Protein chains: 2
Amino acid sequence: MATERKTSSTNFRNQAYLEEKCSLNELLDLVSKRWVCEILFCVEEGNNRFKSIREELTYISDTILADRVKLLEKYDLITKQYFDEVPLRVEYSLTESGRQLCGMLEMMCNFSDSLPALKSMETAKHA
Amino acid sequence: MATERKTSSTNFRNQAYLEEKCSLNELLDLVSKRWVCEILFCVEEGNNRFKSIREELTYISDTILADRVKLLEKYDLITKQYFDEVPLRVEYSLTESGRQLCGMLEMMCNFSDSLPALKSMETAKHA
DNA sequence: ATAGTAACTAATTAAAAATTTAGTGATGGC
DNA sequence: GCCATCACTAAATTTTTAATTAGTTACTAT
């Protein structure tokens, strides 16, 4: 998983340039990683264990889920609580920032639902 | 630029699964493409020509800018107006959807500015 | 005739992201 | 001892995305 970024690339420089210009770019880089929003929504709705999230998000793998919860914890959007049980039990919950972010994502979700351009493409796909 | 996606991959299936689950995933896939938000903000602020956007966004290339304005037009977030002049003149402007999206992105921008986790990483980077 | 302009496109290559496969530790049940 | 559980990690591979290089069109200015 952990292949290092090449800090000498123009690819890297451009991302740094954008993040410097506006922190939105950093936030978007996080929330647009695959599965991230759905994981947030799972936790928001109380589906807060590793295994149960993995089951809800049909095709996600252990590797990715572990990576994403780690990222979300790093950005202080979720927290982990460890229970001294066997087998191991860990529960995730949203932080205050996480709750705020979820609120905004839900707004965007409503917006995207109402976007004619997106809707017509959906329909085209199913046709 | 136009390398076709491999529709048989699980990578593709997972993206389709997420978009089916929630259209937010489709919208995020668009706005998180590199440079997209900054292009929207340029147009919003009246910087509405190909060349001037390219100059404002220092490191962007013709190839990428052309791809992004095409995408934004496809999703009906910007429109193009052609002027019959020489040399060729094209102006972009936000659609009503584009304006709404910009509004939400600005909200998210304020949020990300206030996120302690992001801020501390910024600081760490410059240290 | 040659060079320059704006707004692009096509093909290639480099880099990053997602996925797959195979493991870990501590414990419990058979 | 052997298999199972949960919540992970490491390494390798595949797929996608971004960047580079080299063009195009239709005209104008030198």
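Because the structure is predicted, anything quoted here is derived from the model rather than measured. Chain A is the first sequence line, chain B the second, and so forth, proteins listed ahead of strands; every chain is numbered from 1.
Taking for each of A/Thr7 and A/Tyr59 the nucleotide of DNA chain C with the nearest heavy atom, the 5'-most of the two is the partner of A/Thr7. Between B/Val69 and A/Arg5, the residue whose closest nucleotide on DNA chain C is further toward the 5' end is B/Val69. For the pair A/Phe50 and B/Arg34, nearest-nucleotide mapping onto DNA chain D gives the more 5' position to A/Phe50.
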- Item | CA sep, side-chain torsions, deciding dist, call: A/Lys6, A/Phe12, side-chain contact (heavy atoms from CB on, under 4.5 Å) | CA-CA 7 Å; A/Lys6 206 173 167 179; A/Phe12 181 88; over 6 Å; no
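The side chain of A/Phe12 lies closest to C/dA16 when the candidates are D/dT15, C/dA16, D/dA7. In the set C/dA18, C/dA15, D/dC8, the nucleotide with an atom closest to the side chain of A/Lys33 is C/dA18.
At the phosphate of C/dA17, neither OP1 nor OP2 sits under 4.0 Å from any side-chain N or O atom of B/Asn11. For D/dT20, one of the phosphate oxygens OP1 or OP2 lies less than 4.0 angstrom from a side-chain nitrogen or oxygen of A/Thr10. Between A/Arg89 and D/dA7 there is no side-chain polar atom (N or O) within less than 4.0 angstrom of OP1 or OP2. For C/dA6, the OP1/OP2 oxygens have no side-chain nitrogen or oxygen of B/Arg49 closer than 4.0 Å. B/Lys51 has no side-chain polar atom (N or O) that falls below the 4.0 Å cut-off from OP1 or OP2 of C/dC8. Between C/dT19 and A/Trp35, a contact under 4.0 Å exists linking OP1 or OP2 to a side-chain N or O. For the OP1/OP2 pair of D/dA7 and a distance below 4.0 Å, the side-chain nitrogens and oxygens of A/Lys70 include no atom meeting the criterion. Residue B/Asn14 places none of its side-chain N or O atoms closer than 4.0 Å to OP1 or OP2 of C/dA18.
Looking at B/Asn47 and B/Ser52, their side chains do bring a donor and an acceptor atom within 3.5 Å of each other. Donor-acceptor pairing under 3.5 Å is lacking for the side chains of B/Glu19 and B/Asn25. Neither side chain, B/Ser97 nor B/Asp76, offers a donor N or O lying under 3.5 Å from an acceptor on the other.
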Can you pull every protein N or O that's under 3.5 Å from an N or O on nucleotides 21-27 of chain D?
from: D/dT21; atom 1: O4; to: B/Thr63; atom 2: OG1; distance (Å): 3.0

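In this structure, the CD1 atom of B/Ile64 is 13 Å from the P atom of C/dT9, given to the nearest Å. Taking atom CD on B/Glu55 and atom P on C/dA7, their separation rounds to 10 Å, with Å as the unit. In this structure, CZ of B/Arg13 is placed 14 Å from C1' of D/dT15, rounded to the nearest angstrom. To the nearest angstrom, C1' of D/dT9 lies 13 Å from CG of A/Leu65. A straight line from CZ of B/Arg68 to P of C/dT9 spans 13 Å, rounded to a whole angstrom. Between the P atom of D/dA19 and the CZ atom of B/Arg54 lies a distance of 14 Å, rounded to the nearest Å. To the nearest angstrom, P of D/dC8 lies 12 Å from CG of A/Leu72. Between A/Asp67 atom CG and C/dT20 atom C1' the separation is 15 Å, expressed in whole Å.
Counting non-hydrogen atoms of other residues, nucleotides and ligands closer than 6.0 Å to NZ of B/Lys70 gives a total of 12 or fewer.
Considering only heavy atoms from C-beta on, B/Cys109 comes within 4.5 Å of A/Cys22 through its side chain.
At a threshold of 4.0 angstrom between heavy atoms, the contacts of A/Tyr92 are confined to the sugar-phosphate backbone, with no base atom among them.
Below 30°, between 30° and 60°, or above 60°: for B/Tyr17 and A/Trp35 the angle between ring planes is between 30° and 60°, a tilted geometry.
Side-chain atoms of A/Thr95 come within 3.5 Å of backbone atoms of A/Leu77 as a donor-acceptor pair (strictly under, hydrogens ignored).
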